[in-house]
Amino acid sequence: MRGTLTATGIILAALLWYAGSCIIRPFRDCWLCDGRGHHRSKSRRKLSRPCRWCSATGKRLRLGRRAWNRARRVQRQA
């Protein structure tokens, strides 16, 4: 019983931490271009083309923030 409460507390703390980080910093670096906004050429010397995943901004909306925005949109439409 005590192990279950400890595991539940750890999971709850992790969820609260992630929710807080989504509120404080809703954007994260793009995983494909590493936040540069452009891909490197095959020779790795220069930036060659804009990243299509982040639209050349270097930032992407976090998954938790995207879910939060979707839930709020559904609630407003109801």
Side-chain angles (χ1 to χ4, degrees):
M1 182 72 176
R2 187 174 199 160
T4 306
L5 289 175
T6 304
T8 304
I10 291 171
I11 292 172
L12 184 61
L15 287 173
L16 288 174
W17 174 81
Y18 184 70
S21 69
C22 286
I23 291 170
I24 294 170
R25 293 186 52 142
F27 293 95
R28 63 179 174 91
D29 288 341
C30 178
W31 61 272
L32 196 61
C33 66
D34 293 325
R36 290 186 303 261
H38 288 80
H39 294 283
R40 293 212 176 261
S41 65
K42 292 192 191 242
S43 66
R44 305 297 253 169
R45 290 190 179 165
K46 63 177 185 167
L47 299 175
S48 61
R49 60 186 166 88
C51 179
R52 68 183 177 110
W53 288 98
C54 64
S55 301
T57 61
K59 300 289 181 189
R60 291 188 44 118
L61 198 59
R62 288 179 184 260
L63 180 63
R65 185 58 184 230
R66 199 174 307 137
W68 174 261
N69 290 347
R70 170 87 178 190
R72 286 187 47 116
R73 190 178 317 121
V74 167
Q75 183 182 15
R76 279 193 304 251
Q77 289 176 354

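Count residues from 1 along the sequence.
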Student: Tell me the closest heavy-atom pair linking R62 and R25, and the distance in Å.
Tutor: NE-O, 2.8 Å
Student: Which heavy-atom pair separates R65 from P26 by the least distance, and what is that distance?
Tutor: CG-CB, 3.7 Å
Student: If we only count heavy atoms from C-beta on, is the R70 to R66 side-chain gap below 4.5 Å?
Tutor: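 In short, these two side chains do not touch, never coming nearer than 4.5 Å.
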Student: How long is the span from the CD1 atom in I11 to the OG1 atom in T6, to the nearest 0.5 Å?
Tutor: 11.0 Å
Student: If you take all heavy atoms of G37 and C54, which pair is closest and at what distance?
Tutor: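 Reported closest heavy-atom pair: CA-SG, 4.2 Å.
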Student: OG1 of T57 to CG of D29: how many Å apart, nearest 0.5 Å?
Tutor: 9.5 Å
Student: Taking all non-hydrogen atoms of both residues, which atom of W53 and which atom of C30 are closest, and how far apart?
Tutor: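 Closest heavy-atom pair between W53 and C30: CB-SG, 4.1 Å.
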Student: Return the NZ to SG distance between K59 and C51, rounded to the nearest 0.5 Å.
Tutor: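 Answer for the NZ-SG pair, K59 versus C51, is 12.5 Å.
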Student: How long is the span from the CZ atom in R60 to the CG atom in L32, to the nearest 0.5 Å?
Tutor: 9.0 Å
Student: Does any non-hydrogen side-chain atom of Y18 lie less than 4.5 Å from one of L63?
Tutor: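 Of all side-chain heavy-atom pairs linking Y18 with L63, at least one is under 4.5 Å.
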